[in-house]
Number of protein chains: 2
Amino acid sequence: MTTIKDIAKAAGVSVTTVSRALNGYYDVNEKTRQKIQAIAEKLSYRPNAVARSLVTKKTRTIGVILSEINREGAKDSLAFETLCGINDRATELDYDILLFSTSSKKQKSKSYADLCKERNVDGAILSGLRLHDPYLEEVVHDTDFPCVLIDIPLESREVGHVTTDNVKGAAAAVGHLIGLGHRRIAMINGHDEAAVSRDRLEGYRRALEGAGIPFDPQLVYNGGFREEGGFEAMYEIGYNRKDVTAVFSASDLMVLGALRALERMGRKAPEQMSIVGYDDIAIAAHCSPPLTTIRQDRYEMGYQSAQLLIDMLEQREVGRKIVLHSELVVRKSTAPCKE
Amino acid sequence: MTTIKDIAKAAGVSVTTVSRALNGYYDVNEKTRQKIQAIAEKLSYRPNAVARSLVTKKTRTIGVILSEINREGAKDSLAFETLCGINDRATELDYDILLFSTSSKKQKSKSYADLCKERNVDGAILSGLRLHDPYLEEVVHDTDFPCVLIDIPLESREVGHVTTDNVKGAAAAVGHLIGLGHRRIAMINGHDEAAVSRDRLEGYRRALEGAGIPFDPQLVYNGGFREEGGFEAMYEIGYNRKDVTAVFSASDLMVLGALRALERMGRKAPEQMSIVGYDDIAIAAHCSPPLTTIRQDRYEMGYQSAQLLIDMLEQREVGRKIVLHSELVVRKSTAPCKE
DNA sequence: AGCTTTATCCAAAACGTTTCGGATTTGATG
DNA sequence: CATCAAATCCGAAACGTTTTGGATAAAGCT
C-alpha cells in the first residue's frame, strides 16, 4: 500500500504539500501539483479512508438500519426497494452504506446509537421500527445524531422523516369499495405499534363516515402485517361476519393470506368478497386474482431519505418532513357489490 | 465522546492499561480491571472503531458488491435474499457490511478493488458479475485480496466461490418434462456471460441426450434473464417452432414474460405449452399458473458466502468451493404431452 | 543475601491522514 | 533600498487506538 509519505518522498516535497495538492487546495504550484498527481497515479495511490476519517471526524458513510432484513423479508420486497433507493442516491452523492440488521441477537446488547457511534457513521436511516421501540427514544433524546425515520412521524433539528399519505391512501381504497356499492367493509390492519396502521385506520374511518356509513370498531381486525395474520382475520370475518362484502387490508401480504382463507372456505374473490390491499408488492400484479391495491413507491422513499439525510449532514437548510403520494391501482380483486 | 484517555485519567492508570483491561489481556490486576470497566460503563465509553482499524489494519467489515441493486431488481428478489443471508451470518460473526452497488456511474471510474482498498474492507462478496467483467480479472490477479464470488467458478488461495448444482438442476427440470412425454423441448437461456447459463445449458443437453433426444442448438434462445427477453423468445418459439410442446427457462422472471407472450398468442400454459422455470422467486408460487421450477436457496448461498469469506479472513483452513443443492418444485405450469 | 520469577503496570511509537501556524522566496511597490 | 504582499512550501501536532519493550515491585528460591 502506497501512502502519502511514499509520494512525498518520490516527489521531494512534504506530506503536507502532497495532501494539499491532491485535495485541490490553491496554495500549491500548478507544476508541483501535476508532478504529484502523476506520481500518485503511477504508484496507484488510494487515500486511506480510515486514517482520513480519524482526523476529519467524517466517514462519508451512512448507517442503514432495517428491521426487515431476514429470511421472511424476501416475500414482500418493500425493504429491498427502499434499500435500492437509498443506495442509488447515496452512491450518487458519494456516500457509502453500512448495513445493520436488527434481527440478530446483537441488537439486544447494542443499541443503534452505539452501533453508529462505534462505527462513526455520519448519520442513519431507520426503517421498520415499532412506535415504542426502546431505541427510538434514544434517537430522539440523543439529539446530536442525525437520522431520518421512515414511516415514523418524528421531527427535530437532527431527525427528519419520510412517509406516504397513508390517510389519503386508505381513504382512496375504501372510497373505491364504497363506489362499488359496498356498505359492510371490514378492515384488516397491521398492529398498533406502526404509525402507518393508525393512519390507515383513520383513512378507513374517514371514508366510511364521509359516505354516511357508521364506523364499527368490531369490523377492524389486526393481522400484524403477516400473511398468517391475514389468513386468520379473513377466517374470522368469513365465519362471524357474514354480512361483510368487502375488506380493506393494510398490506398486500395479508391479502395473500386472506385469499387462502377464502379459498379454504370455498369462496372466491372478487365474486363473494372484494379485497383491496396496500403496497403493490411484486406479487400483487401476478397473483390470482390480481390485486386492487394502493401503490406506494418504496424506492422513491429510500431515495428521498438518503437525500434528506445528506442534506442534513451537509448543513443545508431543508424541510425535515417528506410526504410522498400513493396511488390506487385497480385490478381484479374488487367488484361491484351484489347485495 | 469519551475516549480511552478520559478513562485512564479517571482511573488513574495509563491508556495502555485501559486498553489491555478492556480487551481482556491477562497482565492486568482483576481489581483494576473491574474499576476500569465500571468507569467505562459510567462514561458510556465506546471504542472508536476507526482509530482501532488504523492500527490493527482490520475493519471487521466486508464489502458486498451486488450488481442487481436497482429499481428493477425488486421484482426478483434474488439479490435481496442473498443479502439477507450474508447479513445474518456476518452479524452473527460480528462483522459489518459495507454495501456497494455497481449500477451507478461511480463504477466506471472506480474499480471494486479500489473501493475495497480505499474503504479498507477486510474482504468482499461479489454477486451478479458477468464472466468477462473487467473487474473480475482484477480480483483474480490481485491475489492478496480475499473475496468470494457467487455463481462464478474461480478459485485461488484468496478467492472462493459458492454456487448451486446448475447442471443437475437443469437436468432435473428437463427430465421432468421428458417424463411427461415431451420430446420437442426448447430452452430460453440467460446470456453467454453467465456461468450459470452455461451450466444450465449443459444440463439441458445432458437430459435430452440421456433420453435419446438429439440436441438441437436452434431450440436454444437467449432471453438475457429479463422478462422482456422471455417474452420475445416465447413469441419466436410460438410462431416459428410450432412443434415445440415444452420450454425450459433459465429464470422464472423470463417465464413471466413467456406467459404474457403465450397469452398474447391466445395459448395457455400448461395446456398448449409446458414451462419450467428456475429460481423459485416469490411470484412463482402465486402467478397463474403457479410455476413448476427449480428452487435454489439464495439465502443459504449468502449465508455460506459470508461464512466462507470470514473463514478465509480468519485463516481457517477450509475448502474454497461450496456447491448447494437445488430442487425441483412441481406446480401447475407443466402437464403431460398430448401429441 | 542474592537471584529469579511473576504480576502488574507504563512510556512511547506507530497507523495515515489533515491542518494549524508559520517560514521562505519572489516580485512588486513606494 | 526597504517594505509588503502574494505564492509556495513545510514541521509538527492531532485524531484514538494498539502494541512493543521494558520498568518496578513483590514473592519465591537457594
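Each chain gets a letter, A, B and so on, in the order the sequences are listed, and its residues count up from 1.
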task: Answer with base, sugar-phosphate or nothing: what part of the nucleic acid does A:Ser53 contact at a heavy-atom distance below 4.0 Å?
output: nothing

message: Quick test of your reading: applying side-chain hydrogen bond (donor to acceptor under 3.5 Å, both in side chains), list the pairs with at least one residue in residues 7-18 of chain A, sequence neighbours left out, ordered by first then second residue.
response: A:Ser14-A:Thr17

- request: Please state how far atom NZ in B:Lys58 lies from atom C1' in D:dT17, giving the value in whole angstrom units.
  value: 16 Å

message: Please tell me whether B:Asp122 and B:Thr59 have a donor and an acceptor in their side chains that are separated by less than 3.5 angstrom.
response: yes

- prompt: Is B:Val50 touching bases, backbone alone, or none of the nucleic acid, heavy atoms closer than 4.0 Å?
  reply: nothing

query: Is there a donor-acceptor contact under 3.5 Å from the side chain of B:Asn23 to the main chain of B:Ser19?
result: yes

statement: 5'-most to 3'-most nt of DNA chain C touching chain A (<4.0 Å, heavy-atom partner on protein side) reads C:dG16 to C:dC20

Nucleotide N/O to protein N/O under 3.5 Å, stretch nucleotides 21-26 of chain D:
none

- prompt: Taking 4.0 angstrom as the limit, do A:Arg298 and A:Asp151 come out as a salt bridge?
  reply: yes

message: Let me spell it out: for each of B:Leu54 and B:Thr17, pick the nucleotide of DNA chain C with the closest heavy atom. Which residue's pick is nearer the 5' end?
response: B:Thr17

query: Counting side-chain heavy atoms from CB outward, which of D:dA12, D:dC9, D:dT17 is closest to A:Asn29?
result: D:dC9

Heavy-atom neighbours of B:Glu314 CD exceed 12 at 6.0 Å: yes

- prompt: When you check the side-chain N and O atoms of B:Gln37 and B:Glu41, is any donor under 3.5 Å from an acceptor?
  reply: no

- prompt: With a 4.0 Å cut-off, would you call B:Arg119 and A:Asp96 a salt bridge?
  reply: yes

- prompt: Can you tell me how far C1' of D:dT18 sits from CG of B:Leu22, to the nearest Å?
  reply: 12 Å

field: Integer-rounded Å distance: D:dC9 C1' and A:Arg33 CZ
entry: 13 Å

task: Return the orientation label for the A:Phe80 and B:Phe80 ring planes: parallel under 30°, perpendicular over 60°, tilted otherwise.
output: tilted

message: Please compare B:Val55 and B:Tyr26 by the position of their nearest nucleotide in DNA chain C and report the one closer to 5'.
response: B:Tyr26

field: Value in whole Å for how far the C1' atom of D:dC9 lies from NZ of A:Lys31
entry: 15 Å

- prompt: Are B:Phe145 and B:Val159 close enough that some pair of their side-chain heavy atoms sits under 4.5 Å apart?
  reply: no

message: When you measure from the side-chain N and O atoms of B:Asn48 to the phosphate of D:dT17, is any distance below 4.0 Å, counting only OP1 and OP2?
response: no

